[in-house]
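For the single chain, residues carry numbers from 1 onward in sequence order.
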Amino acid sequence: KDTPLGSRSPLLGVILTHICSYWRHLAIRSPTLWNEVNLNWPDWAKILATRSLSAPLTVSSGVDSCHTRARPGLIKCLLRRCYSRIISLYLQSDGDESLDLSRALKSPVHFPSLHELTFLCDGDYVRFPSSFNIPSQIRLLRLGNIRIVRKQFSETYPNLRYLHLEGVTFTSISALVKFLRSTPQLQ
């Protein structure tokens with residue numbers, strides 16, 4: 001993947017809807033054209049989440065100077081509404097935005113289909129939202145500049161193959177050792 005949203009343009013569906021009425025009809029009813037949701041475009045994110053119907057979702061929110069920041073209410077609403085379909089979640093924040101993200105995720109959120117998680121913070125260390133439990137089926141995990149609480153890694157991770165930790169602090173060495181022991185497939 002070249003970007004958090006992959007190599008396909010998120011506007012492909014829009015382009016196809018402008019060719020002719022028949023193509024518009026087909027495109028709007030093709031959920032996989034709408035399954036890459038960028039929370040930095042709040043109004044567009046709602047449309048994409050709706051048009052994607054039951055297709056698996058790739059959701060991202062990041063520091064982006066061209067677009068507005070994702071609002072905590074929108075993040076919470078979309079994650080709550082679509083949590084069971086999210087297979088990839090990319091969250092990047094700066095110091096200010098990370099506080100908003102923590103507020104948005106303040107009550108427990110479980111992602112039964114999540115296979116890829118990226119949570120990066122540019123700037124100061126941020127505590128990983130305590131209500132966010134890393135699901136056991138995760139395959140790829142990227143974390144940057146965050147503090148991990150031991151209970152967030154309470155399960156085993158038999159499918160985790162790729163791990164990237166940069167500037168991550170654990171509450172104790174024993175929490176880190178326990179986590180590494182719970183990942184038999186780690187490369």
Side-chain angles (χ1 to χ4, degrees), residues 1-8 10 31-41 45-46 48-63 70 72-93 97-98 100-121 126-166 168 170 175-176 178-187:
K1 291 184 176 182
D2 300 324
T3 69
L5 292 176
S7 58
R8 186 183 80 207
T32 56
L33 288 176
W34 313 103
N35 69 341
E36 293 186 0
V37 178
N38 187 326
L39 299 175
N40 289 18
W41 302 330
K46 291 176 191 175
L48 291 171
T50 301
R51 287 187 181 174
S52 65
L53 299 176
S54 61
L57 293 176
T58 295
V59 177
S60 68
S61 176
V63 179
L74 172 68
I75 295 172
K76 183 177 181 180
C77 176
L78 284 174
L79 292 183
R80 295 269 178 223
R81 197 172 95 196
C82 303
Y83 73 95
S84 64
R85 298 189 292 132
I86 298 174
I87 59 170
S88 179
L89 185 58
Y90 180 97
L91 302 171
Q92 181 181 9
S93 68
E97 195 175 306
S98 60
D100 292 342
L101 183 60
S102 294
R103 273 195 308 243
L105 297 174
K106 67 182 175 183
S107 53
V109 179
H110 302 283
F111 299 93
S113 303
L114 190 65
H115 294 287
E116 295 182 9
L117 173 64
T118 298
F119 187 86
L120 306 173
C121 181
V126 171
R127 189 174 179 180
F128 194 71
S130 59
S131 61
F132 194 104
N133 294 315
I134 309 290
S136 62
Q137 75 276 3
I138 200 85
R139 292 182 194 151
L140 178 144
L141 181 61
R142 289 181 57 211
L143 303 172
N145 288 345
I146 60 170
R147 181 177 299 271
I148 299 294
V149 177
R150 183 183 334 181
K151 68 179 183 176
Q152 291 171 304
F153 291 105
S154 58
E155 301 183 41
T156 59
Y157 300 93
N159 299 317
L160 184 64
R161 297 180 64 93
Y162 304 101
L163 175 67
H164 179 87
L165 302 175
E166 185 175 328
V168 174
F170 284 78
L176 173 60
K178 181 180 176 184
F179 169 70
L180 291 174
R181 285 185 178 156
S182 74
T183 58
Q185 297 295 319
L186 195 60
Q187 294 181 348

**Student:** Among residues at least two apart in sequence or on other chains, which ones pass side chain to side chain contact (heavy atoms under 4.5 Å, CB included) with L53?
**Tutor:**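 Once residues adjacent in sequence are excluded, the partners of L53 under the side chain to side chain contact (heavy atoms under 4.5 Å, CB included) criterion are P31.
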
**Student:** Apply side chain to side chain contact (heavy atoms under 4.5 Å, CB included) to Q137 and list each qualifying residue two or more places apart in sequence or on a separate chain.
**Tutor:**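 In terms of side chain to side chain contact (heavy atoms under 4.5 Å, CB included), with neighbours along the sequence ignored, Q137 is linked to L114, H115, P135, N159.
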
**Student:** Nearest heavy-atom pair of S61 and L39: which atoms, and what distance?
**Tutor:**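 Taking S61 first and L39 second, the nearest heavy atoms are CB-CB, 3.8 Å.
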
**Student:** Name all residues meeting the side chain to side chain donor-acceptor pair (under 3.5 Å) criterion together with S52; count only those two or more places apart in sequence or in a different chain, and write none if there are none.
**Tutor:** R85

**Student:** For Y90 and R142: C-alpha separation, side-chain torsions, deciding distance, then whether side-chain contact (heavy atoms from CB on, under 4.5 Å) applies.
**Tutor:** CA-CA 9 Å; Y90 180 97; R142 289 181 57 211; 4.0 Å; yes

**Student:** Sequence neighbours left out, what passes side chain to side chain contact (heavy atoms under 4.5 Å, CB included) with P184? Give chain and number order.
**Tutor:** none

**Student:** Please give me the minimum heavy-atom distance between I138 and L140, naming the atom from each residue.
**Tutor:** CG1-O, 3.5 Å

**Student:** Considering only heavy atoms from C-beta outward, does the side chain of Y83 approach that of P112 to under 4.5 Å?
**Tutor:**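 A side-chain contact exists here, since the closest heavy-atom pair is under 4.5 Å.
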
**Student:** Could you work out, with side chain to side chain donor-acceptor pair (under 3.5 Å) as the rule, every residue matching R51, not counting sequence neighbours?
**Tutor:**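 With neighbours one apart ignored, the set is empty.
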
**Student:** Work out which heavy atom in V37 is nearest to a heavy atom in A45; give both atom names and the distance.
**Tutor:** CG1-CB, 3.6 Å

**Student:** By side chain to side chain donor-acceptor pair (under 3.5 Å), which residues pair with R81, not counting sequence neighbours?
**Tutor:** T50

**Student:** Keeping the roles fixed (side chain from S60, backbone from N38), state whether a donor-acceptor pair exists under 3.5 Å.
**Tutor:**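 It does not hold such a pair.
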
**Student:** Quick check: do L180 and L163 have side-chain heavy atoms less than 4.5 Å from each other?
**Tutor:**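 They are in side-chain contact.
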
